[in-house]
2 protein chains.
Amino acid sequence: MGDTKKISLEVIKRLPRYYRYLGELGKSNITRISSKELSEKMDVTASQIRQDLNCFGGFGQQGYGYNVESLYNSIGEILGLNHGHKTIIVGAGNLGKALALYKSFEKRGFKLIGIFDNSKSKIGTFIGRHEVLDICTVEEFIKKNEPEIAVIAVPKEAVGEITALLSKCKIKGILNFSYTDISTLNGVEVENVHISDSLMMLSYKIKDIE
Amino acid sequence: MGDTKKISLEVIKRLPRYYRYLGELGKSNITRISSKELSEKMDVTASQIRQDLNCFGGFGQQGYGYNVESLYNSIGEILGLNHGHKTIIVGAGNLGKALALYKSFEKRGFKLIGIFDNSKSKIGTFIGRHEVLDICTVEEFIKKNEPEIAVIAVPKEAVGEITALLSKCKIKGILNFSYTDISTLNGVEVENVHISDSLMMLSYKIKDIE
DNA sequence: TAGATTGTTAATCGATTAACAATC
DNA sequence: TAGATTGTTAATCGATTAACAATC
């Protein structure tokens, strides 16, 4: 079963946003919505919404629109949420700690199973219910517990070492928060999140104000 | 004045990445680079690099390429870094705290001048050298100190209230980390950063692995 | 049935890439 | 000067929007 019509990254990027809005609608006890109504709420075109959704199947019904709850669940399915992806965090600094305590984490179907650091002063301390483990043990830990995702929140100086270590292990994806790109390597998917990039863009946008 | 050929958001989004790579090159004492070399490092086309840069001016030299340091500085200029944008953080939870202690912050030209929360248990405590201030005093604070940027790191339930409060004040930009979009409103630029969106995209990308 | 709204095809628009003349 | 590489125009590609027949 092929289904090999490649779906553009632009479409994928928009899915989490649809998911968020539909989640909110559901909470407001709205059961159905048309692409037109949703387009107004989200400030995109109705056409785009219909095109995007039809990449994955016909979720709507003519004359009715979309059922909020079932579309929400379908998009969750497409995104592969609710799989309880086992996840580790590498780096127990301020950001790593914040991420470890991040509520949306588990809510979106990511299960934190370990957090690692190389600092003697952090190893053995607790972040929430998780004890910070020695980074030296990460390879063994991965072999045993088989996490799918590693979140990287270390200074960029340490990134090379960490990726070398992780590339020897069987993980599927890396969410990288360090101030340097990690490139998708030997079958490991990487998503780079650059907080300072967003700050810089904001800086650009406000240049001409006033 | 003039210079009204609208620059696409796609180009703007890439500038911080150029900036990062050029910064690294500079640190490695590389003084010149051609679009071809840079394109290989960054995994984009040389054509795109030249097109992007020429939106802002001719920074290169035929037969030579680009001077790393001066291009780095030019892009910093374009992005409006080195202005020492005065910045406040709203929300002193885990994420707010991590952002307050975030080194790249000051390094990219953002000057943290205040951090606010509504929780009695947090007000008066210190994050680094910053005392957490009562959110009730933010309006007065803004009037007096004139920050340009507000970083929002509060639970989504509190976002409405906060934006209402901020929209009464004269700020230029909002960097929003909460799990809900803030729409660009009455002249305030907004940059929404959704960490869980990135996680969801990663989840999608790893779906078919193995 | 009539009305509404989808799914989908076709048209438009914009972004990326290729090509090359200009020039250091 | 010859070689390299830019700046820039033209060609291609892909993404967005518009339109409408299908259908609930």
Side-chain angles (χ1 to χ4, degrees), chain A residues 2-18 21-22 25 30-75 77-78 201 204, chain B residues 2-18 21-22 25 30-75 77-78 201 204:
Chain A
D3 210 310
T4 28
K5 49 175 177 180
K6 183 84 168 76
I7 288 158
S8 101
L9 195 63
E10 302 303 306
V11 175
I12 308 300
K13 277 187 201 160
R14 285 191 289 265
L15 291 181
R17 188 154 182 262
Y18 292 133
Y21 276 78
L22 289 164
L25 289 168
I30 293 167
T31 53
R32 69 163 278 270
I33 194 157
S34 69
S35 57
K36 176 129 190 301
E37 290 171 296
L38 187 57
S39 77
E40 282 156 9
K41 280 189 197 300
M42 297 185 63
D43 198 24
V44 295
T45 63
S47 216
Q48 180 165 78
I49 293 175
R50 295 204 299 277
Q51 284 277 28
D52 284 356
L53 297 179
N54 276 92
C55 292
F56 303 98
F59 301 113
Q61 194 169 294
Q62 284 96 331
Y64 173 84
Y66 299 86
N67 178 281
V68 171
E69 193 188 347
S70 91
L71 184 56
Y72 177 79
N73 290 331
S74 298
I75 295 179
E77 193 64 38
I78 293 163
M201 276 188 63
Y204 175 86
Chain B
D3 213 308
T4 27
K5 51 177 173 180
K6 184 82 168 74
I7 289 157
S8 99
L9 195 63
E10 301 302 306
V11 175
I12 309 301
K13 277 187 200 160
R14 286 192 287 266
L15 292 180
R17 187 153 183 264
Y18 292 134
Y21 276 79
L22 289 164
L25 289 168
I30 293 166
T31 54
R32 68 162 276 268
I33 194 157
S34 69
S35 57
K36 176 129 190 300
E37 290 170 296
L38 187 57
S39 76
E40 281 156 7
K41 281 187 196 300
M42 296 186 64
D43 197 25
V44 295
T45 62
S47 216
Q48 181 165 77
I49 293 175
R50 295 204 299 279
Q51 284 277 28
D52 283 355
L53 297 178
N54 277 93
C55 291
F56 303 98
F59 300 113
Q61 195 168 294
Q62 283 95 333
Y64 172 84
Y66 298 87
N67 179 281
V68 171
E69 192 187 347
S70 90
L71 183 55
Y72 176 79
N73 290 331
S74 297
I75 294 179
E77 192 64 38
I78 293 163
M201 276 188 64
Y204 175 87

#### Entry: Closest nucleotide among D:dT16, C:dC24, C:dA15 to the B:E10 side chain
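Nearest listed nucleotide: C:dA15.
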
#### Entry: Mate of D:dC20 where both pairing distances stay under 3.5 Å, Watson-Crick or G-U
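Paired with D:dC20, as far as the under-3.5 Å criterion goes, is C:dG7.
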
### Query
Across all strands shown, which nucleotide pairs with C:dT12 by Watson-Crick or G-U wobble geometry, both distances under 3.5 Å?
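Partner of C:dT12: D:dA15.
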
So, does [X] get its side chain near the phosphate of [N], meaning an N or O under 4.0 Å from OP1 or OP2?
{"X": "B:Y66", "N": "D:dG7", "value": "yes"}
{"X": "B:S35", "N": "D:dT6", "value": "yes"}
{"X": "B:R50", "N": "D:dG7", "value": "no"}
{"X": "A:R32", "N": "C:dT5", "value": "yes"}

### Query
Is any side-chain heavy atom of A:S70 less than 4.5 Å from a side-chain heavy atom of A:F59?
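When only atoms from C-beta onward are counted, A:F59 and A:S70 do not touch, as no gap falls below 4.5 Å.
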
### Query
Do the non-hydrogen side-chain atoms of A:V44 and A:D52 ever get within less than 4.5 Å of each other?
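The answer is no, as the side chains (C-beta and beyond) never meet within the 4.5 Å cut-off.
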
### Query
Charged N to carboxylate O below 4.0 Å: is that the case for B:K41 and B:E37?
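So B:K41 does not pair with B:E37 through a salt bridge.
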
Interatomic distance, [X] [atom1] vs [N] [atom2] [rounded to whole Å]:
{"X": "B:I7", "N": "C:dT16", "atom1": "CD1", "atom2": "P", "value": "14 Å"}
{"X": "A:L53", "N": "C:dT5", "atom1": "CG", "atom2": "P", "value": "16 Å"}
{"X": "B:N54", "N": "C:dT16", "atom1": "CG", "atom2": "P", "value": "15 Å"}
{"X": "B:D43", "N": "C:dT16", "atom1": "CG", "atom2": "P", "value": "14 Å"}
{"X": "B:Q48", "N": "D:dA11", "atom1": "CD", "atom2": "P", "value": "20 Å"}

### Check: A:G65 main-chain N/O paired with A:R32 side-chain donor or acceptor under 3.5 Å
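The answer is no, because no donor-acceptor pair under 3.5 Å joins these two groups.
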
### 5'-most by nearest nucleotide on DNA chain D - A:R14 or A:G63
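The 5'-side residue here is A:R14.
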
### Query
Mapping A:Q62 and A:L9 to their closest nucleotides on DNA chain D, which lands nearer the 5' end?
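The residue closer to the strand's 5' end, by nearest nucleotide, is A:L9.
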
### Message
Categorize A:S47 for me: base, sugar-phosphate, or nothing, with a 4.0 angstrom heavy-atom threshold over every strand shown.
### Response
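Base contact - A:S47 has a heavy atom under 4.0 Å of at least one base atom.
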
### Query
Across the strands shown, which category fits B:S34 at heavy-atom distances under 4.0 angstrom: base, sugar-phosphate, nothing?
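Sugar-phosphate only.
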
### Query
Under 3.5 Å, is there an N or O donor on one side and an acceptor on the other linking the side chain of A:E37 and the base of C:dT5?
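Not at all, since no donor on one side and acceptor on the other fall under 3.5 Å apart.
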
### Task
Spell out yes or no: do the side chain of A:Q51 and the base of D:dT16 have one donor N/O and one acceptor N/O closer than 3.5 Å?
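Donor-acceptor pair under 3.5 Å: no.
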
### Task
Using distance alone, with no hydrogens and no angle criterion, decide if B:Q48 and B:T45 have a side-chain donor and acceptor under 3.5 Å apart.
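Side chains of B:Q48 and B:T45: no pair found under 3.5 Å.
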
